[in-house]
There are 2 protein chains.
Amino acid sequence: MGADNEKELSLKLFVVLTRALDSITSKIKDDIRGYGLNPTEFAVLELLYHKGEQPIQKIGDKVLLASSSITYVVDKLEKKGYIKRKPCPTDRRVTYAVITELGQTLMDEIFPKHMDAINDICAGLNVDEKKLLIEMLKKLGLFAKSI
Amino acid sequence: MGADNEKELSLKLFVVLTRALDSITSKIKDDIRGYGLNPTEFAVLELLYHKGEQPIQKIGDKVLLASSSITYVVDKLEKKGYIKRKPCPTDRRVTYAVITELGQTLMDEIFPKHMDAINDICAGLNVDEKKLLIEMLKKLGLFAKSI
DNA sequence: ATAATTTATTTCGAATTCGAGATAATGAAA
DNA sequence: TTTCATTATCTCGAATTCGAAATAAATTAT
C-alpha cells in the first residue's frame, strides 16, 4: 500500500492531491451553481468584489485563465448585469471590469454563504492542521512553480 | 496576512490548495505533452498499463471523467493505436479497453521518465513532509467527499 | 518624427468536457 | 414470460477553455 521509494511517494502525493481537490471543488461547484454562476464567473466576480475594478488582463493572472477566456467570462457577467466594462482614461488599450450595484448586492448576499459552505467542506481538519497544510502546500507549490 | 478566523482559514486553504495543484499540473502537462499525449489520454493509458484491461465505464470512475468523455478519449487513443476495444464475452453491454503492443512500448518508454519528472516537480518537500501531507490530504478529501 | 517593438483586448477555430437522451442488453418482479 | 427497472455505451449539442492571429494603442529605438 505505502509507497516504497521517493518517486512512488511523489506520484502518490500528486494523486492524493488531485483527488482531494477534486472532492472539494466538486462540493464547492454545487454551492456556486446554487447562486446561478459557474466557478469561473464566481471567481471573477469575487475578485472585483474584494479588490475593486481590475484591468481585464490582470484578471487572468489571478483567476488562472487565458486572456481570451477572460473576454468570454466578462461578456457573460456583463450580460447578466453583474459587471460592466469601463475604458481606462489614460491608456486606451486597457479596459477595466467593474462590479455593478446588482453584482454588489448579489455578492453581499451569497459570499457569506459561500464561505460557510467552504468551511463546512473543509471541516475534516482542525485549525492547526489547516495552518500546517497551508504552509506545506505553499512550499510545494512555490518550488514547483520555480522549476 | 494570516487568516484571523476559521472560515477565512478554510478559504485560504482552498485557494492555496488550488494554486499548488495548478503549479504542479502545469509542469506535469508540459511533461506529458512531450510524449504526444494530453493528460487525460495519459491517465487512461496509464490505468490500462498498470491495471490491465478495464470496462470503459470503470475507467471514468478512476480518471474522474463522465462516460461520454471516456468514449471520446478512448476513440482518440484507439485512433493513435495505443489501445483497442474488446467486447466482453459474457455481457454484451460491456466493452473493455485494452492496451496494445504499441501502447505498451510507449509506456515502457515514457512512464519512468514521467515518474522522474513528477519527483523533480515535487522536490520542494522531503519524504517525511510528503507522507504527512498525504495523510492530511486524505483526511481532508475523504471528509469533503462524505458530506 | 518614423519605424519597430511591446502590450491589451478581442476574434476565431479547435479541443475537451459535460449532461441529456438514445440504444441495447441484462436482471428483477409480476 | 412479459414487463419494468437498471446498466453500459454512445450520440449529440452546449459550455468552457485554449492558442494563434487580428486589431489597436502605447512605448522604445533610430
Side-chain angles (χ1 to χ4, degrees), chain A residues 18 21-22 25-30 32-45 47-48 53-80 82-98, chain B residues 18 21-22 25-30 32-45 47-48 53-80 82-98:
Chain A
T18 300
L21 186 57
D22 186 78
T25 48
S26 139
K27 299 292 180 180
I28 291 182
K29 277 181 194 169
D30 293 346
I32 291 176
R33 300 244 180 246
Y35 310 137
L37 297 170
N38 73 28
T40 304
E41 291 167 342
F42 186 88
V44 171
L45 202 50
L47 177 67
L48 304 182
E53 61 185 34
Q54 302 281 327
I56 279 180
Q57 172 235 8
K58 293 223 169 144
I59 298 174
D61 303 339
K62 313 225 182 171
V63 182
L64 309 177
L65 226 53
S67 67
S68 53
S69 307
I70 295 296
T71 297
Y72 172 75
V73 177
V74 167
D75 282 349
K76 281 177 52 187
L77 285 170
E78 206 171 22
K79 268 170 204 144
K80 291 181 179 181
Y82 295 138
I83 71 174
K84 58 184 191 327
R85 284 178 165 88
K86 191 187 86 174
C88 172
T90 61
D91 186 337
R92 292 192 340 216
R93 292 171 304 182
V94 174
T95 302
Y96 290 101
V98 191
Chain B
T18 302
L21 186 57
D22 185 79
T25 48
S26 136
K27 299 293 179 179
I28 291 181
K29 278 181 192 167
D30 293 345
I32 291 175
R33 300 246 180 244
Y35 310 137
L37 298 170
N38 74 27
T40 305
E41 291 168 341
F42 186 87
V44 171
L45 203 49
L47 177 67
L48 304 183
E53 62 185 35
Q54 302 282 328
I56 279 181
Q57 173 236 8
K58 291 220 171 148
I59 297 174
D61 303 339
K62 312 225 182 168
V63 181
L64 308 177
L65 226 53
S67 68
S68 52
S69 308
I70 295 294
T71 298
Y72 172 76
V73 176
V74 167
D75 281 349
K76 281 178 51 188
L77 285 171
E78 205 171 23
K79 269 169 203 146
K80 291 181 179 181
Y82 295 138
I83 71 174
K84 58 185 190 326
R85 284 179 164 88
K86 191 188 87 174
C88 172
T90 61
D91 186 339
R92 292 195 337 216
R93 293 170 304 181
V94 174
T95 303
Y96 289 101
V98 190

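Treat the numbers as computed from the prediction; the structure is a model and nothing was measured. Residue numbers begin at 1 in each chain, while the letters A, B, ... track the order of the sequences.
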Student: For the pair B:K80 (side chain) and B:L37 (backbone), establish whether a donor and an acceptor sit closer than 3.5 Å, ignoring hydrogens and angles.
Tutor: no

Student: Which nucleotide wins on minimum distance to the side chain of A:K76, given the candidates C:dT9, D:dA15, C:dT17?
Tutor: D:dA15

Student: If I take atom CG in residue A:D75 and atom C1' in nucleotide C:dC12, what distance separates them, rounded to the nearest angstrom?
Tutor: 14 Å

Student: Nearest to the B:Y72 side chain among D:dA26, C:dT16, D:dA20, which nucleotide is it?
Tutor: C:dT16

Student: Quick one: is B:N38 getting a side-chain N or O under 4.0 Å of the C:dA15 phosphate, OP1 or OP2?
Tutor: no

Student: Where do B:N38 and B:R33 land on the side-chain contact (heavy atoms from CB on, under 4.5 Å) test, with the steps shown first?
Tutor: CA-CA 6 Å; B:N38 74 27; B:R33 300 246 180 244; 3.6 Å; yes

Student: Scan B:I70 against the nucleic acid and name what it touches under 4.0 Å (heavy atoms): base, sugar-phosphate only, or nothing.
Tutor: nothing

Student: Answer yes or no: are there more than 12 heavy-atom neighbours, outside B:K76 itself, under 6.0 Å from its atom NZ?
Tutor: yes

Student: Toward the 5' end of DNA chain D, which comes first, A:A66 or A:T90, by nearest nucleotide?
Tutor: A:A66

Student: Counting only side-chain heavy atoms from C-beta out, which of C:dA8, C:dA25, C:dT9 sits nearest to B:R93?
Tutor: C:dA25

Student: CD of A:E41 versus C1' of D:dA15: gap in Å, rounded?
Tutor: 10 Å

Student: Could you state the CD1-P distance from B:I56 to C:dA25, rounded to the nearest angstrom?
Tutor: 16 Å

Student: Just how far, in rounded Å, is P of C:dA15 from NZ of B:K29?
Tutor: 16 Å

Student: For a quick test of reading the model: is some side-chain N or O of A:R33 closer than 4.0 Å to OP1 or OP2 of C:dG19?
Tutor: no

Student: Would you find a donor on one side and an acceptor on the other, under 3.5 Å apart, between the side chain of A:K86 and the backbone of A:E53?
Tutor: no

Student: Counting heavy atoms from C-beta on, name the nucleotide in D:dT11, C:dT10, C:dA8 closest to the side chain of B:T71.
Tutor: D:dT11

Student: For the side chain of B:V94, starting at C-beta, report the closest nucleotide among C:dA8, D:dA8, C:dC18.
Tutor: D:dA8

Student: Which part of the nucleic acid does B:T95 contact within heavy-atom distance under 4.0 Å: base, sugar-phosphate only, or nothing?
Tutor: sugar-phosphate

Student: Roughly, in whole Å, what's the span from CZ in B:R92 to P in D:dT6?
Tutor: 22 Å

Student: Output the rounded distance in Å from CD (A:Q54) to P (C:dA8).
Tutor: 13 Å

Student: Heavy atoms from C-beta onward define the side chain here; which of C:dT26, D:dC18, C:dT16 lies closest to that of A:S69?
Tutor: D:dC18

Student: Is any side-chain heavy atom of A:I56 closer than 4.5 Å to one of A:R85?
Tutor: yes

Student: Roughly how many Å is it from CG in B:L64 to P in C:dT16, rounded to a whole number?
Tutor: 17 Å

Student: With a cut-off of less than 4.0 Å, is there a side-chain N or O of A:T40 near OP1 or OP2 of D:dT17?
Tutor: yes

Student: Nearest whole angstrom, please: distance from the C1' of D:dT16 to the CZ of A:F42.
Tutor: 19 Å

